[in-house]
Chemist: 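My structure is below; once you've seen it, I'll send some questions.
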Amino acid sequence: MALSHTADNHDFNMTALAIRMSRMHNGVSRIHRNISASICRDMWPQIEPEENPVGYVTNGVHVPTFLAQEWVDLFDRRLGPQWRYKQHDPEFWARIHDIPDHIFWSVRQSLKSQMFYGIRARLTEQNLRNHGSEAHLDRLLKLADPINPNILTLGFARRFATYKRATLLFQNLDWLRKLLLDPARPVLLIFAGKAHPADLPGQSLIRHIHQVADMPEFRGRILLVEGYDLRLARRLVSGVDVWLNNPIYPLEASGTSGMKAGINGTLNLSILDGWWGEGYDGKNGWGIKPVSENMEASLRDAEESRSFYEVLQDQVIPLYYDHGKFGYSVEWVKMAKHSMASLLPGYGTNRMVGEYVQKFYAPAARQGAGYSQDNFAVAKTVAAWKTRINAAWGGVSVRRLDTPGKELAFGDSLNFRLAVRLNGLQPEDVVVELLLSLQYNKTRLSQFKPFRLECTGTLGSHEHQFELNHVPELCGRQQYFLRVYPYHPLLTHPLEMGKMVWL
């Protein structure tokens with residue numbers, strides 16, 4: 001039970017237990033890693049979250065499962081069957097740009113037509129079940145035309161959890177009307193998804209979407225498709241032109257639906273959270289920068305919805321309808337190709353599993369094999385060392401012996417002399433370290449370069465002297481920190497003890 005307690009709460013905490021019973025921990029995207037490290041910072045109380053042992057491997061999707069068959073056939077013809085074995089090779093996937101634009105666009109349009117056929121079948125079934133008229137059904141289906149799929153189609157389909165904000169685009173219905181009802185550049189918005197039976201707020205989102213979609217001016221412009229399942233999901237991610245995702249930052253741990261869309265040539269328009277925070281490169285879709293987390297919820301929703309409207313109005317819609325002499329937007333096709341070329345090799349399970357093996361599974365296997373040798377002799381050694389560290393660390397302190405200077409000429413050395421009270425520990429039990437960096441307004445800890453101070457003797461019976469002479473490589477305003485932390489070469493992570501003394 002003690003292994004499950006946190007610093008300020010003695011209730012059973014599964015996360016605390018899991019962290020203490022493991023030596024490797026990871027988030028499922030870079031942003032998720034940073035948030036998780038901050039949430040769990042009390043597990044390593046004297047370590048800054050940026051440096052604590054939480055790592056990350058961004059999720060991926062299984063490309064052969066979610067890549068539409070039409071793309072499989074095209075890749076076999078244009079790239080050769082070896083594409084299956086090159087899924088993690090960005091240079092190989094740059095060859096997507098060599099596919100003729102009209103062939104690429106024809107595949108995209110074919111997938112959209114198939115999606116429209118499926119949606120029409122489902123909406124027809126819904127209408128019959130609800131005893132709707134044929135005239136009403138015709139109005140619903142007027143834009144979802146598989147014979148003429150030349151309409152910008154946006155898709156939002158996933159679990160209807162409140163943090164995913166399915167109704168964010170309904171913040172300003174007047175603005176939405178202008179976007180969707182433009183006769184020269186019409187837009188179709190498709191929703192699908194389910195809420196947990198016990199998630200009443202999530203179910204209210206579905207009701208809200210239904211109410212807006214049933215407004216006379218939005219009928220046929222906003223479609224809510226029932227019976228969300230894997231079959232419909234695959235049709236949507238490969239068939240719509242733009243995949244929407246607007247979670248509350250930073251609550252989207254990773255997300256994978258946008259990856260499935262991206263590998264099928266669908267462009268993402270999303271809040272820069274989860275995987276899209278690292279997948280977006282400025283040219284493979286559109287990213288909405290989240291506002292401050294401290295902003296009141298209604299103001300945040302209003303501000304971010306405005307960003308969505310502006311991006312749709314100023315970028316997405318004009319780009320899609322910028323038809324050239326070929327009847328489609330060349331620049332849209334260029335962006336869609338780049339989306340596939342950048343996201344397919346970066347967000348497949350080949351890359352994900354490879355990172356897990358490299359970062360976690362293989363090191364864990366080596367560590368486990370080493371610890372278990374000779375009847376777990378190494379494990380016993382490390383356990384005894386940790387016991388000594390835990391007992392003595394409260395009495396470890398450090399003070400400066402030299403007088404720090406404020407200026408030095410380029411080529412001169414920085415001289416540091418510290419007295420470290422180890423409280424019974426040995427010099428080899430600790431690292432005394434200088435962190436040095438050029439001074440910026442927001443210099444992250446990871447941008448500091450570390451330099452070790454060496455033990456050069458004792459000062460009386462209680463302190464050891466550590467020294468470093470260092471010539472900075474760069475001129476300009478420098479900033480530095482000095483610190484002491486326990487270290488053993490057999491630790492899984494150099495800072496896993498979570499203990500540190502800063503000067």
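Quick caveat, the model's predicted, so the values are computed rather than measured.
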Chemist: State, to 0.1 Å, how close G262 and L343 come at their nearest heavy-atom pair, and which atoms those are.
Modeler: CA-CD1, 3.8 Å
Chemist: Give every residue pair that meets the salt bridge (charged side-chain N to carboxylate O under 4.0 Å, His left out) criterion with at least one member in residues 325-354, sequence neighbours excluded.
Modeler: D101-K337, R351-E355
Chemist: Who pairs with H25 by side-chain hydrogen bond (donor to acceptor under 3.5 Å, both in side chains), at least two apart in sequence or on another chain?
Modeler: S22
Chemist: Residues in side-chain contact (heavy atoms from CB on, under 4.5 Å) with E278, at least two apart?
Modeler: S29, R30, Y56, T58, Y347
Chemist: With a 3.5 Å distance limit and no angle check, can you tell me whether N268 reaches the backbone of W276 through a side-chain donor-acceptor pair?
Modeler: no
Chemist: Sequence neighbours left out, what passes salt bridge (charged side-chain N to carboxylate O under 4.0 Å, His left out) with D374? Give chain and number order.
Modeler: none
Chemist: Pair W243, S257 - check side chain to side chain donor-acceptor pair (under 3.5 Å), show working.
Modeler: CA-CA 9 Å; W243 193 252; S257 65; 3.0 Å; yes
Chemist: Is the ring pair W332/W286 parallel, tilted or perpendicular, if the boundaries are 30 and 60 degrees?
Modeler: tilted
Chemist: To the nearest 0.5 Å, what is the distance between CG (L319) and CG (L267)?
Modeler: 8.0 Å
Chemist: With rounding to the nearest 0.5 Å, note down the distance linking CG in D42 to CD1 in I39.
Modeler: 11.5 Å
Chemist: Would you call E304 and R165 a salt bridge, taking side-chain N to carboxylate O under 4.0 Å as the test?
Modeler: yes
Chemist: If you define the side chain from C-beta out and look only at heavy atoms, does anything of I288 sit under 4.5 Å from L272?
Modeler: no
Chemist: OG of S305 to CG of N246: how many Å apart, nearest 0.5 Å?
Modeler: 9.5 Å
Chemist: For F66, does the six-membered ring have the charged nitrogen or CZ of R234 within the cation-pi criterion, i.e. under 6.0 angstrom from the centroid and within 45° of the normal?
Modeler: yes
Chemist: For P201, check side-chain contact (heavy atoms from CB on, under 4.5 Å) against everything at least two apart and list the hits.
Modeler: T162, D199
Chemist: Rounded to the nearest 0.5 Å, what's the gap from OG on S238 to CG on L111? Could you check?
Modeler: 5.0 Å
Chemist: Listing request: all side-chain hydrogen bond (donor to acceptor under 3.5 Å, both in side chains) pairs with a residue in residues 119-128, at least two apart in sequence or in separate chains.
Modeler: R122-D229
Chemist: Can you run down the salt bridge (charged side-chain N to carboxylate O under 4.0 Å, His left out) pairs that involve residues 53-76, sequence neighbours left out, and say none if there aren't any?
Modeler: D76-R84
Chemist: Is a side-chain donor or acceptor of D174 paired with a backbone partner of R177 at a separation under 3.5 angstrom?
Modeler: no
Chemist: Quick one: which of W83, F92, Y85 gives a ring-ring contact (aromatic ring centres under 6.0 Å, His included) with F75?
Modeler: W83
Chemist: May I ask you to check whether Q447 and S437 show a side-chain donor-acceptor distance below 3.5 Å?
Modeler: no
Chemist: Can you tell me how far apart CG (L189) and CG (L176) are? Round to the nearest 0.5 Å.
Modeler: 7.0 Å
Chemist: Listed by chain and number, what are the ring-ring contact (aromatic ring centres under 6.0 Å, His included) partners of F156, not counting sequence neighbours?
Modeler: F191
Chemist: Does any pair with a residue in residues 195-238 pass ring pair (Phe, Tyr, Trp, His ring centres under 6.0 Å), and if so which ones, sequence neighbours excluded?
Modeler: F170-H208
Chemist: Just checking, any donor-acceptor pair under 3.5 angstrom between side chains of Y309 and Q171?
Modeler: no
Chemist: Compute the ring centroids of F104 and H102, then answer whether they are less than 6.0 Å apart.
Modeler: no
Chemist: Under the ring-ring contact (aromatic ring centres under 6.0 Å, His included) rule, collect the residues that match up with Y485, sequence neighbours excluded.
Modeler: none
Chemist: For Q109, give me all partners under side-chain hydrogen bond (donor to acceptor under 3.5 Å, both in side chains), at least two apart in sequence or on another chain.
Modeler: N150
Chemist: What distance do W93 atom CH2 and H338 atom NE2 have between them, rounded to the nearest 0.5 Å?
Modeler: 15.0 Å
Chemist: Does P149 offer a backbone N or O that forms a donor-acceptor pair with the side chain of K112 under 3.5 Å?
Modeler: yes
Chemist: Checking S204 now: which residues fulfil side-chain hydrogen bond (donor to acceptor under 3.5 Å, both in side chains) with it, not counting sequence neighbours?
Modeler: none
